[in-house]
Structure formats: C-alpha cells, structure tokens
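Working notes, structure below.
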2 protein chains.
Amino acid sequence: MLSVAYSAEAKHLNAARLAPQPERLEELFCAVPRESFEAGEGVFWEGDQADHVFKVSEGVLRVFKIIADGRRVITGFLYAGDLVGLSLKDRYLYSAEAVTPVRLRRLARKPFAEALEKWPDLRPQFFARVCDEMATAQDQMVLLSRKSAEERVATFLMLLARRLHGCHPIGRRIHLPMSRLDMADYLGLTIETVSRTITKLVARGVISPEGRHDFAICKPGKLLALCGDGDSYEDTIDREPKMRQAIWPH
Amino acid sequence: MLSVAYSAEAKHLNAARLAPQPERLEELFCAVPRESFEAGEGVFWEGDQADHVFKVSEGVLRVFKIIADGRRVITGFLYAGDLVGLSLKDRYLYSAEAVTPVRLRRLARKPFAEALEKWPDLRPQFFARVCDEMATAQDQMVLLSRKSAEERVATFLMLLARRLHGCHPIGRRIHLPMSRLDMADYLGLTIETVSRTITKLVARGVISPEGRHDFAICKPGKLLALCGDGDSYEDTIDREPKMRQAIWPH
DNA sequence: AGTCTCTGTTACACACCGTCACACGATTTA
DNA sequence: TAAATCGTGTGACGGTGTGTAACAGAGACT
C-alpha cells in the first residue's frame with residue numbers, strides 16, 4: 001500500500017522513513033494512502049492505544065471527551081491541514097469523529113517519531129503545532145470559564161471567520177459545517193441557548209443567515225467587540241498569517 | 001553569576017551547556033541560582049518576550065490570563081518540580097504570579113533549547129511535560145464546560161489530594177495555599193459559590209475544616225464520586241505515579 | 001486591649017441559562 | 001401521499017449560580 005493517490009506529491013513515493021528530507025512536516029503524510037470517513041463516523045476513541053498520528057486533508061473532524069451521564073465536551077474542531085493525535089500519551093486523550101465526510105492520512109507513530117529524530121528541521125514545526133494546540137486550549141479555557149453565552153457564540157463565529165479568512169482573503173462569510181449540538185458541546189452551552197443567541201445576533205443585524213449553516217458577517221467590528229476579548233496586548237488588527245515555524249529550539 | 005547556592009547540586013557548577021549530559025530535564029536548572037519571590041509578586045506577564053523557562057523549586061505559582069472588564073482566568077497552579085514557560089511562542093501566553101513565597105530557577109531559552117538539541121534523551125522528558133500540560137488543559141476544559149459547582153470544587157480537592165499524595169503516601173489532608181478568589185478564578189466560579197460549596201461539603205461530612213486553608217478528607221469515596229468523572233476507561237483505583245518518560249519519540 | 005485591614009462566610013433578590021414542551025421544515029420511509 | 005424522523009427554532013418556567021450586600025474571624029499594627 002505504498003502507492004500515492006495525490007500525484008502532485010509523487011516525489012515522495014516511498015515510506016516516510018526512506019524519503020528524502022522533507023521540508024515540511026506535512027510531507028511525511030504524503031507517502032500513505034488517504035482514508036475516507038462518512039459524516040458521523042469515528043476515527044479513534046478515547047483510551048485507544050495511540051498508535052497513529054493523523055493529518056486531515058479534507059473535511060472537518062470533532063474531538064471530544066465523554067464524562068458521567070453521557071455529558072459530552074468537544075475540545076476542538078479540526079480542518080484540512082490540521083494534525084491529530086500529537087499528544088504524546090500512550091493512549092488517546094479524546095475521541096475523534098467526522099463532522100462532514102472526511103479524508104485523512106494516517107501515519108504510525110514510529111516512523112513519525114523517527115522522522116523527527118532524523119530531521120531536526122522538522123522539530124520546530126512539530127513544536128509549533130503542539131504549541132498552537134496549547135494556546136488554543138488556553139483560549140478555550142478562558143471562553144468556558146468567564147464568557148457569557150453571547151460572547152462564546154461571537155468568539156466562535158470570529159474563530160471560523162478567521163479560519164476561512166486564510167482561504168478567502170475577502171468575503172465575510174462563515175460556514176458552520178457542524179450541528180447546533182456540536183456547537184453547544186464545544187461552547188459549553190445547550191442547543192437552545194446557541195439557537196437563541198444566534199437569533200439575537202441576527203435580530204441586531206450583526207450577522208445574517210444564508211441557510212442554516214451559513215452566515216454573512218454584516219458588522220465585523222461589532223462581532224469582534226462582542227467576543228469580550230478586550231484583551232491586554234492582542235491587537236485588534238488581523239495578525240499576519242500564523243507562523244508555522246517555532247521561534248525555538250533555534 | 002555562575003556560583004550556585006544549593007551545594008547539594010554543586011556537581012553542575014558550569015552553565016548548563018557545558019555540564020555533563022544530564023539524565024533528567026530538571027538537572028538543566030541546577031546550574032543557575034535560585035530567585036525568590038514574595039507572595040503576590042509577578043514573575044512574568046502575558047505578552048512579555050518569552051526569554052526564559054522556569055522551574056519551581058519551592059512554593060506555588062498561579063498562571064492566568066486577563067480579559068475584558070478585568071475578568072481573570074487562572075489556567076493552572078504550579079508546584080515544586082513543575083516547569084513554566086514551555087509553550088514555545090515568542091511571547092508568554094499567560095502571566096505568572098507567586099501564590100506563596102516562591103523560589104525558582106530561571107534558564108534562558110537558548111541554552112535550554114541547545115540542551116534539547118544536544119541530548120536527545122531529554123526530549124522525551126520534555127515532550128512528556130508538554131503532554132501532561134495538554135492533558136491537564138483538556139480536563140480543565142471538561143470541568144469548565146460541563147461540571148456543576150459542586151463537581152468543580154470536589155474535582156479540585158481531589159486534584160490537590162492526589163498531588164500531596166505524591167509526598168505523603170498516607171494522610172488524607174489537603175492544604176489550599178491559595179485564596180478563595182484564586183480558587184474561584186481557577187474553577188470558573190465566584191468566591192461566594194466556592195465558599196458555599198465548601199460549606200456544604202463540610203456539612204455533609206465529606207471533608208472537615210482544619211483552619212481556613214486545610215481540610216481533612218473524611219469520605220474519600222464520596223468525594224471521588226462527587227467529581228462527576230464517572231468516566232469511560234479511567235479506573236477508580238489510583239494510577240501508578242505518573243510516568244515522566246514519554247512513550248515516544250521512542 | 002483596641003482598631004484596622006483583609007479574607008472568608010452567610011443571606012437574599014435577581015439574571016442568565018438550562019429544562020421541558022411544542023411547532024416548523026426538510027428529508028426519509030411506508 | 002401520509003407518516004415518521006431529524007435538526008432546528010421559540011416559548012414558558014424554574015434552578016443554579018451571581019451580585020450586592022452585611023457580617024464574622026484572623027492577623028497586624030499602634
């Protein structure tokens with residue numbers, strides 16, 4: 001199963017460990033075939049032996065934990081380009097399911113780890129990924145700990161807007177591929193509260209619906225203000241596209 | 001400033017980069033003198049140039065973020081042995097202050113990073129640290145997202161009990177060095193709710209106060225049940241002391 | 001001792017959000 | 001076509017936790 005579907009990356013025909021030095025972490029995944037998952041299908045489960053690292057190439061994934069009474073907490077949504085399973089425990093810390101139809105590439109830990117050992121240039125990139133994940137987790141803690149329902153929803157919309165901003169430099173449109181329940185479990189709210197809050201934002205003209213899962217941002221400034229991030233040093237202007245190169249290890 | 005105050009570690013008299021290969025990550029910090037901070041004093045601030053990595057050797061630190069209206073979110077408490085500032089951004093993601101009088105060792109990023117490059121055996125340990133931090137953050141998200149006030153406080157008490165458990169294998173006593181406000185900002189509650197909830201736990205005989213900042217756990221089983229972690233695969237029995245060695249990179 | 005300050009506790013009214021219930025539209029099934 | 005199912009929106013209602021208090025205790029200081 002060493003054949004590669006994606007011909008543009010055909011220069012890496014061999015298994016990752018035999019390939020020439022990759023410049024980018026993502027290239028490690030080019031050597032393995034893509035797998036497909038239907039919407040709702042599980043990729044791995046919390047507590048499973050954590051044998052693989054994944055790279056999403058299409059679609060959206062949700063990662064979540066379940067606690068007593070079946071309460072679910074979605075700790076993140078993962079989009080194309082994101083890596084999953086980097087947390088270096090022997091077992092997965094969370095479960096992962098496809099929100100939309102998903103295509104991803106799976107790499108066993110061993111070759112992944114060996115690649116990191118072998119090519120030091122990859123390590124800063126890897127650190128940067130883990131670091132971003134940590135930063136995101138911290139922001140989420142802030143959201144869950146101290147933000148109101150409205151601030152949570154606004155923050156979520158801004159998050160998605162920024163994410164799409166990467167693809168569509170213009171365009172104030174957001175697409176919400178996940179259900180209201182997913183949003184609720186991500187934001188620490190209920191579906192009803194999410195629904196009502198969105199309705200309220202629409203009523204105020206901050207956003208405007210274009211179907212159930214698409215919205216236009218009519219007042220970006222207002223939406224940003226509603227996030228409640230009136231925060232220390234973070235500037236209001238869009239930061240430059242995320243540096244994927246870690247600052248250190250030098 | 002190469003002299004070392006702590007004579008028991010005098011074998012590492014030189015700067016970390018010149019020292020013999022350390023077996024443990026912590027040893028990197030032996031070469032630098034300890035600094036002292038009074039209770040309430042700041043160590044570094046969110047947004048500061050992240051030039052240093054710290055190891056707490058005595059006392060307790062709180063790390064936190066501030067958002068609009070001065071709302072504060074404490075993302076963690078750090079005890080002796082914990083490392084701070086590992087997140088690999090160019091700027092600190094959070095601020096750090098001393099809860100109690102604190103002594104810590106500070107290492108510039110450069111020698112720290114160089115040590116990681118030079119001695120591959122240290123990398124798994126470093127990964128393990130970051131990974132633990134990630135796992136803790138996830139648990140905290142669960143707590144903040146879906147747990148009731150009582151479950152939050154119970155979880156917090158169990159956390160501290162387990163932490164002290166490392167030092168005192170027996171003894172069902174917990175010491176809360178931080179104020180109720182700190183607890184509240186960590187648990188996403190208000191001081192009043194924290195206070196009320198503790199009172200309730202005392203009234204039910206689950207814990208019993210021994211001064212404002214010390215409690216005895218009278219019914220450990222009950223307290224554990226109140227945590228709401230009735231969770232999938234996590235066993236009820238105490239896990240073996242945390243592995244500090246990462247499973248991989250092998 | 002007496003006073004001041006700081007932290008923690010308790011009380012009560014209120015707000016936000018969760019719970020429960022049902023309606024609506026879209027899609028699937030009989 | 002009718003019925004069922006699912007995701008979603010909206011309303012009424014109530015509970016958990018909040019906010020504003022006042023109060024109690026423990027130290028620190030004169």
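Side chains included, hydrogens not; waters and symmetry mates left out as well; all remaining heavy atoms used. Here the structure is a predicted model, which means the values were calculated and not measured. In what follows, every chain begins at residue 1, and chains take the letters A, B, ... in the order their sequences are listed.
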CA sep, side-chain torsions, deciding dist, call: B/Asp229, B/Lys147, salt bridge (charged side-chain N to carboxylate O under 4.0 Å, His left out): CA-CA 9 Å; B/Asp229 287 323; B/Lys147 286 191 181 180; 2.8 Å; yes
Can you tell me if [X] uses its side chain to pair, donor with acceptor, with the backbone of [Y] under 3.5 Å?
X: B/Arg152; Y: B/Leu144; value: yes
X: A/Arg105; Y: A/Lys55; value: no
X: B/Arg146; Y: A/Leu189; value: yes
X: A/Ser208; Y: A/Ala216; value: no

ring-ring contact (aromatic ring centres under 6.0 Å, His included) against A/Tyr79, all qualifying residues, sequence neighbours excluded: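 A/Tyr79 satisfies ring-ring contact (aromatic ring centres under 6.0 Å, His included) with no other residue.
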State which residues pass ring-ring contact (aromatic ring centres under 6.0 Å, His included) with B/Tyr94; sequence neighbours excluded, sorted by chain then number.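 Scan of B/Tyr94 (ring-ring contact (aromatic ring centres under 6.0 Å, His included), adjacent residues dropped) gives none.
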To the nearest Å, give me how far apart [atom1] ([X]) and [atom2] ([N]) are.
X: B/Lys200; N: C/dT9; atom1: NZ; atom2: P; result: 15 Å
X: B/Leu201; N: C/dT10; atom1: CG; atom2: C1'; result: 16 Å
X: B/Arg212; N: C/dT7; atom1: CZ; atom2: P; result: 11 Å
X: A/Asp69; N: C/dG18; atom1: CG; atom2: P; result: 16 Å
X: A/Leu176; N: D/dG7; atom1: CG; atom2: P; result: 16 Å
X: A/Phe215; N: D/dG9; atom1: CZ; atom2: C1'; result: 11 Å
X: A/Ile191; N: C/dC17; atom1: CD1; atom2: C1'; result: 14 Å

Hey, can you tell me if A/Phe77 and A/Phe156 have their rings parallel, tilted or perpendicular (30° and 60° cut-offs)?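 If you compare the ring of A/Phe77 with that of A/Phe156, the planes turn out tilted.
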Evaluate the ring planes of B/Phe64 and B/Trp45, with Trp represented by its six-membered ring, and classify them as parallel (under 30°), tilted (30 to 60°) or perpendicular (over 60°).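 Rings of B/Phe64 and B/Trp45: perpendicular, as their planes differ by over 60°.
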For nucleotides 18-23 of chain D, give me one character per nucleotide, 5' to 3': B if any protein heavy atom sits under 4.0 Å from the base, S if the only such contacts are to the sugar-phosphate, - if neither. BBB---
Does B/His213 place a side-chain N or O at less than 4.0 Å from the phosphate oxygens OP1/OP2 of C/dG8?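 Result: yes.
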Any side-chain N or O of B/Ser195 below 4.0 angstrom from OP1/OP2 of C/dT10?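 For B/Ser195, the contact criterion (side-chain N or O under 4.0 Å from OP1 or OP2 of C/dT10) is not met.
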Please give me every residue in residues 147-157 of chain A whose heavy atoms get under 4.0 Å of an atom in DNA chain C, ordered by residue number.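 Within residues 147-157 of chain A, the residues near DNA chain C are A/Ser148, A/Ala149.
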Provide the full list of salt bridge (charged side-chain N to carboxylate O under 4.0 Å, His left out) pairs with a residue in residues 210-222 of chain B, sequence neighbours left out, each pair given once.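 Matches after skipping sequence neighbours: B/Arg173-B/Glu210.
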So does B/Asp132 pair up with A/Lys89, basic N to acidic O under 4.0 Å?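 Looking at B/Asp132 and A/Lys89, the cut-off is met.
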Counting only non-hydrogen atoms, which of residues 177-186 of chain B are less than 4.0 Å from DNA chain D?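 None - not one residue of the stretch has a heavy atom sitting under 4.0 Å from the strand.
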